There are 2 protein chains.
Amino acid sequence: MLSQAEENYLKEIYALEEETMQLVSTNALAEKMRTKASSATDMLQKLAQKALVDYTKYRGARLSSKGKSKAITIVRKHRLWETFLVEKLGFNWDEVHDIAEQLEHIQSQSLTDKLDAFLEYPSFDPHGHPIPNVNGKIVASDSILLSELNVDEEGILVAVKDSSDGFLKYLSKINMTIGDHIKVLDIEAFDNSVTIENNTTRLSISGNVAKNLYIKRL
Amino acid sequence: MLSQAEENYLKEIYALEEETMQLVSTNALAEKMRTKASSATDMLQKLAQKALVDYTKYRGARLSSKGKSKAITIVRKHRLWETFLVEKLGFNWDEVHDIAEQLEHIQSQSLTDKLDAFLEYPSFDPHGHPIPNVNGKIVASDSILLSELNVDEEGILVAVKDSSDGFLKYLSKINMTIGDHIKVLDIEAFDNSVTIENNTTRLSISGNVAKNLYIKRL
DNA sequence: AAATATATTTAGTCTTATCTAAATTTGCTG
DNA sequence: CAGCAAATTTAGATAAGACTAAATATATTT
């Protein structure tokens, strides 16, 4: 049985590995966990000793297959609960992250599976992220970041990269949501801001925002 | 913010107070928490310092009004989640206790209230226990223990006192469940076992079992 | 009321997860 | 490739919650 702290570290190592496709460094991990490098080192040593990560001193760490499967289970639970909160309880998509952070640690395989069934085996959570199935399988995504689109290209907003409160509230404010049809009208070379047409509305978003929106090309 | 350990102690102090209507002793608390008396003392001191219990050294403790309200909130969450697990996810009533022990610690007032609404404001959980409402109000019970009934008296099984796995599985085995119509046919003076008629079936239960079934007299 | 038994508290230790400060390793720069 | 900067690890401390053993208070019995 893993502690919540161990689970949280595993989840974060998984996210960093997926994002960077490289060994996870102590500093990067510590920063994401909002803790100190020495604490991250301690935890990496413990996880290594439990064979959940492959860790080489001063070099970095990656999940072992056992660790990866644990991490995916946690991600699965997180996304199922987020789906439950939005679909069944009527929360907004910008309110569910913190609650799901707690719910993802509930230990019960049968609970997870019954919840999955109750939700009718959803493939994506409210933020557009794929939900691993009971075997840990995740549907491959063919989406790219909005920042990678060229002028005149168009697509559908399928997911957000940043699921934080603040970012989601910003999207609500500019009236943008999953499923929107987006066309790139212009890209400013000097700051990478992007002018887009979204459902007939024209607006400009920063380069940073564009890097946090997943688009499926049309 | 209370730790899970603190919450669990508060819940148990509440249960003991309700059960015994007396000051809660260190030993009784330690036994319920499956820990040692010294640990219970430590926690009572901490809870007293946080003004959640009124505690007198060597005499015992009782919840302060603040502590009681915290405890009731936890009980409310526990019972709502049990109801959810049985009503919505299809668990059996003997499978939900341990999962609800975890879920009751999820921190989110709006989650609790939305769950309550989703379940359509249930008054009783699957074990027949009353669910405190959003204000902490609990419907008064007019039920008594089956062990208190006399020969020839009858009633409806409205709740169980012991919600443990083992006890609930036993009830399933003898085909007894909430709502059953029960009539006392005989009481053995030497061991307090009770012969009852339950939905036309005649069976004998031990005195201990009779002390764990709440009956509403007809 | 003294003696003994039981209940409770205190003192000191352990584990987990955190921190700061110091030591060490790696990597970059000239 | 020497030297410095940045990254990482180690050492030692802290807080929460548990434990054991010892000390103390309360309760019971004679």
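Here the structure is a predicted model, which means the values were calculated and not measured. By convention in this document, chain letters (A, B, ...) are assigned in the order of the sequence lines, proteins followed by strands, and residues within each chain are numbered from 1.
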Please tell me which of the listed nucleotides, [options], lies nearest to the side chain of [X]?
X	options	answer
A:S25	D:dT8, C:dT18, C:dT10	D:dT8
A:K36	C:dC19, D:dT8, D:dT26	C:dC19
B:K57	C:dT9, C:dT18, D:dT8	C:dT9
A:T26	C:dT9, D:dA18, D:dT8	D:dT8

Q. Would one find more than 12 heavy atoms of other residues, nucleotides or ligands at under 6.0 Å from atom NZ of B:K70?
A.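 No.
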Q: Confirm from the modelled atom types if B:T41 and C:dT10 form a donor-acceptor pair under 3.5 Å, side chain to base only.
A: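 Not at all, since no donor on one side and acceptor on the other fall under 3.5 Å apart.
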Q. B:T26 side chain to B:T41 main-chain N or O, any donor-acceptor pair under 3.5 Å?
A.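 A pair under 3.5 Å: no.
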Side-chain N,O ([X]) to OP1/OP2 ([N]) below 4.0 Å:
X	N	answer
B:S38	D:dC19	no
A:Y9	C:dT18	yes
B:Q45	C:dT8	no
B:N27	C:dT6	no

Q.
I need the CG-P distance between B:L29 and C:dT9, as an integer number of Å.
A.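 It works out to 11 Å between those atoms.
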**Q.** Separation of atom CG in B:D42 from atom P in C:dT8, rounded to whole Å
**A.**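 From B:D42 CG to C:dT8 P: 14 Å.
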**Q.** Sub-4.5 Å side-chain heavy-atom contact between B:R76 and B:D116
**A.**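 In short, these two side chains touch, coming nearer than 4.5 Å.
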Q.
Students often get this wrong, so: under 4.0 angstrom with heavy atoms, is A:A5 touching a base, only sugar-phosphate, or nothing?
A.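 Answer is sugar-phosphate: A:A5 comes under 4.0 Å of backbone atoms only.
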Q: Mind checking A:T35 for me? I need base, sugar-phosphate or nothing, with any heavy atom below 4.0 Å counting as a touch.
A: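 Sugar-phosphate contact only - A:T35 comes under 4.0 Å of backbone atoms but never of a base.
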(Q) We want to know whether A:N208 and A:S206 form a side-chain donor-acceptor pair, criterion being a heavy-atom distance below 3.5 angstrom. (A)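 The criterion, which ignores hydrogens and geometry beyond distance, is not satisfied for A:S206 and A:N208.
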